[in-house]
Amino acid sequence: MDKLIITGGVRLDGEIRVSGAKNSALPILAATLLSDTPVTVCNLPHLHDITTMFELFGCMGIDLLVDEKMNVEVHASTIKHLRAPYELVKTMRASILVLGPILARHGRAEVSLPGGCAIGSRPVDLHIRGLQQMGADVIVEDGYIKAVVNGRLKGTKISMDTVTVTGTENILMAATLAEGETIIENAAREPEVVDLAECLITMGAKISGHGTGTIRIQGVKKLKGCSYTVLPDRIEAGTYLIATAATQGRIRLKDVQPDIMDAILVKLREAGATIEWGKDWIELNMHGQKPKAVDLKTAPFPAMPTDIQAQFTALNAIAEGTGHVTETIFENRFMHIQEMKRMGADVTIEGNTVIVRGVNKLKAAPVMATDLRASASLVIAGLVADGNTEIERIYHIDRGYECIEEKLRQLGANIQRIAG
Ligand code: EPZ
């Protein structure tokens with residue numbers, strides 16, 4: 001397995017481009033299954049999860065045309081199998097996103113139940129319940145979700161017990177082809193949900209209220225092909241801003257959307273960063289100062305994203321003062337803490353809060369990535385540690401960060417990938 005070796009102590013300084021958002025690309029690729037005619041999706045990030053989705057489509061017999069820029073043309077009318085197998089779903093939970101579209105378009109679908117993952121049990125009960133409320137018969141048998149509906153799904157009012165991003169996305173996609181109106185209450189408001197809705201509208205869907213807690217969908221008989229460009233990745237952008245703040249450096253991000261990053265930008269200003277931005281760029285400058293520790297609590301959008309808490313913990317580890325980081329979305333998203341302790345971080349877990357007392361320096365150590373965002377926090381810790389930090393199991397990083405070592409080298413970091 002590949003590993004990364006980072007020699008810490010370099011102040012990041014430079015300019016990089018932000019890639020398309022993984023968590024927007026995945027539901028939008030699933031949405032292409034709703035259309036009879038080809039859909040082209042542009043600005044896809046070069047990530048393992050995206051190629052896993054391509055493999056899943058291949059498994060279902062769907063023809064794809066992928067160009068050298070990772071734009072893809074999906075011919076969903078060529079689909080031959082309505083089944084998403086365990087072998088693929090176990091490697092990427094987001095495969096569950098094909099359930100709603102395939103059921104709505106073809107009247108039946110079989111998707112392997114995604115297992116839990118490192119950060120939590122990750123149930124999909126709300127996905128299933130929503131489809132059942134729309135008239136589908138759904139059973140879980142032999143580790144598979146088996147859904148069938150006679151004729152079309154029926155629009156109805158669905159109130160989500162918990163705000164769920166992919167749960168909202170699955171029901172939203174299914175509702176576009178249902179008979180009548182569907183109202184999703186307590187819907188997720190994430191920008192990636194809005195991006196999916198905008199793509200569906202481009203395909204002819206009738207949707208309003210996306211980005212608020214109540215989404216209304218008027219079902220239509222068919223959706224048509226289109227070309228759609230995925231929005232920039234706010235979590236990737238936030239990760240590089242935090243890494244630059246931790247190293248007391250300076251960065252300019254291009255092809256980014258500042259207006260969906262308020263919670264992250266406000267917190268970085270609290271940490272002492274000077275931040276300027278325009279329509280599609282952000283500049284952060286620490287003026288060579290150490291960051292100040294910050295307190296944060298994760299919650300659904302527009303609050304602090306859970307996908308950025310580990311990165312802020314790494315910032316707090318070498319900041320002035322003590323920061324409190326509270327995780328409210330997932331039950332086990334502190335796996336990076338033990339690894340950071342091995343690097344000399346002064347961190348204590350109390351319930352769902354980590355208390356981080358800033359230390360002057362972290363020390364390089366061999367550490368292990370456990371999930372996508374935890375591994376990003378270990379990269380940040382390696383950038384500020386004394387010595388060479390070795391990070392194992394970096395396939396986790398490759399799932400969510402396009403060309404991470406190239407982008408960090410562009411910013412002056414001393415980082416190597418060792419093929420293993
Ligand atoms: C999405 O996961 C993202 N993944 C995650 O990003 C992100 O961390 C998460 O939303 C929260 O923002 C994609 O978009 C592909 P949820 P998702 O359903 O949809 C509970 C990354 O790092 N829940 O919003 O799976 C669940 O247990 C990944 O890129 C139910 O109880 O998360 C959790 O406590 C990690 N029943 C809460 O809702 C359900 O049926 C929020 O989870 C569904 C969810």
Side-chain angles (χ1 to χ4, degrees), residues 19-31 44-45 47-50 52-53 56 89 91-100 111 113-133 138 140 145 158-173 184 186-196 213 230-231 233-239 260 263-264 297-311 327-333 335-336 352 369-377 396-402:
S19 304
K22 165 178 85 78
N23 291 350
S24 181
L26 293 171
I28 286 174
L29 285 170
L44 288 173
L47 294 175
H48 193 262
D49 274 10
I50 301 299
T52 301
M53 197 60 124
L56 178 56
V89 175
T91 66
M92 185 183 68
R93 314 178 30 73
S95 310
I96 185 82
L97 284 165
V98 303
L99 175 63
V111 176
L113 200 56
C117 80
I119 62 178
S121 59
R122 310 289 295 272
V124 289
D125 55 307
L126 300 179
H127 299 238
I128 292 171
R129 197 181 310 159
L131 295 173
Q132 287 171 327
Q133 286 175 265
V138 187
V140 177
I145 302 166
I158 296 170
S159 179
M160 308 298 267
D161 294 353
T162 311
V163 173
T164 158
V165 172
T166 50
T168 299
E169 290 167 343
N170 239 332
I171 303 305
L172 170 60
M173 288 188 281
I184 306 174
N186 199 26
R189 300 166 53 185
E190 271 67 8
E192 294 74 25
V193 176
V194 174
D195 209 27
L196 169 64
V230 163
L231 97 170
D233 193 321
R234 62 194 169 104
I235 303 301
E236 183 199 25
T239 302
I260 59 175
I264 296 172
K297 184 174 183 182
T298 67
F301 191 86
M304 184 61 72
T306 172
D307 294 346
I308 209 80
Q309 62 97 338
Q311 296 89 315
E327 170 62 48
T328 70
I329 305 286
F330 291 114
E331 62 265 32
N332 187 29
R333 206 162 196 180
M335 249 92 53
H336 47 289
N352 66 342
T370 49
D371 76 84
L372 169 54
R373 306 303 173 182
S375 39
S377 72
H396 291 292
I397 294 183
D398 293 337
R399 294 190 51 189
Y401 291 90
E402 182 181 56

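For ligands, and for the atoms within them, numbers begin at 1 and follow the listed sequence.
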Identify all N/O pairs between ligand 1 and the protein with a separation under 3.5 Å and present them as a table of atom names and distances.
residue: ligand 1; atom: 2 (O); partner: Arg122; partner atom: NH2; Å: 3.4
residue: ligand 1; atom: 6 (O); partner: Asn23; partner atom: ND2; Å: 3.2
residue: ligand 1; atom: 6 (O); partner: Asp307; partner atom: OD2; Å: 3.1
residue: ligand 1; atom: 8 (O); partner: Asp307; partner atom: OD1; Å: 2.5
residue: ligand 1; atom: 8 (O); partner: Asp307; partner atom: OD2; Å: 3.4
residue: ligand 1; atom: 8 (O); partner: Arg333; partner atom: NH1; Å: 3.4
residue: ligand 1; atom: 18 (O); partner: Thr164; partner atom: OG1; Å: 2.7
residue: ligand 1; atom: 19 (O); partner: Thr166; partner atom: N; Å: 2.8
residue: ligand 1; atom: 19 (O); partner: Thr166; partner atom: OG1; Å: 2.6
residue: ligand 1; atom: 22 (O); partner: Arg333; partner atom: NH2; Å: 3.4
residue: ligand 1; atom: 22 (O); partner: Arg373; partner atom: NE; Å: 2.9
residue: ligand 1; atom: 24 (O); partner: Val165; partner atom: N; Å: 2.8
residue: ligand 1; atom: 25 (O); partner: Arg122; partner atom: NH2; Å: 3.0
residue: ligand 1; atom: 29 (O); partner: Lys22; partner atom: NZ; Å: 2.9
residue: ligand 1; atom: 29 (O); partner: Asn23; partner atom: ND2; Å: 3.0
residue: ligand 1; atom: 29 (O); partner: Arg373; partner atom: NH2; Å: 2.9
residue: ligand 1; atom: 34 (O); partner: Ile329; partner atom: O; Å: 2.7
residue: ligand 1; atom: 36 (N); partner: Asp125; partner atom: OD1; Å: 2.8
residue: ligand 1; atom: 40 (O); partner: Pro123; partner atom: O; Å: 3.4
residue: ligand 1; atom: 40 (O); partner: Asp125; partner atom: N; Å: 3.1
residue: ligand 1; atom: 40 (O); partner: Asp125; partner atom: OD1; Å: 3.3
residue: ligand 1; atom: 40 (O); partner: Leu126; partner atom: N; Å: 2.7

### Query
Partners of Ser24 by side chain to side chain donor-acceptor pair (under 3.5 Å), sequence neighbours excluded?
Asp195
### Query
If you look only at pairs with a residue in residues 19-31, which of them pass as a salt bridge (Lys or Arg N to Asp or Glu O under 4.0 Å), with sequence neighbours excluded?
Lys22-Asp49
### Task
Run through Thr298, Asn23, Thr239 and flag the one making a side chain to side chain contact (heavy atoms under 4.5 Å, CB included) with Asp307.
Asn23
### Message
My understanding is that only residues two or more places apart in sequence, or in another chain, count here; which of them pass salt bridge (Lys or Arg N to Asp or Glu O under 4.0 Å) with Arg189?
### Response
none
### Message
Nearest 0.5 Å, please: how far is CD1 in Ile145 from CD1 in Ile128?
### Response
4.0 Å
#### Entry: Minimum heavy-atom distance Ile264-Gly238, with the two atoms named
CG2-CA, 4.2 Å
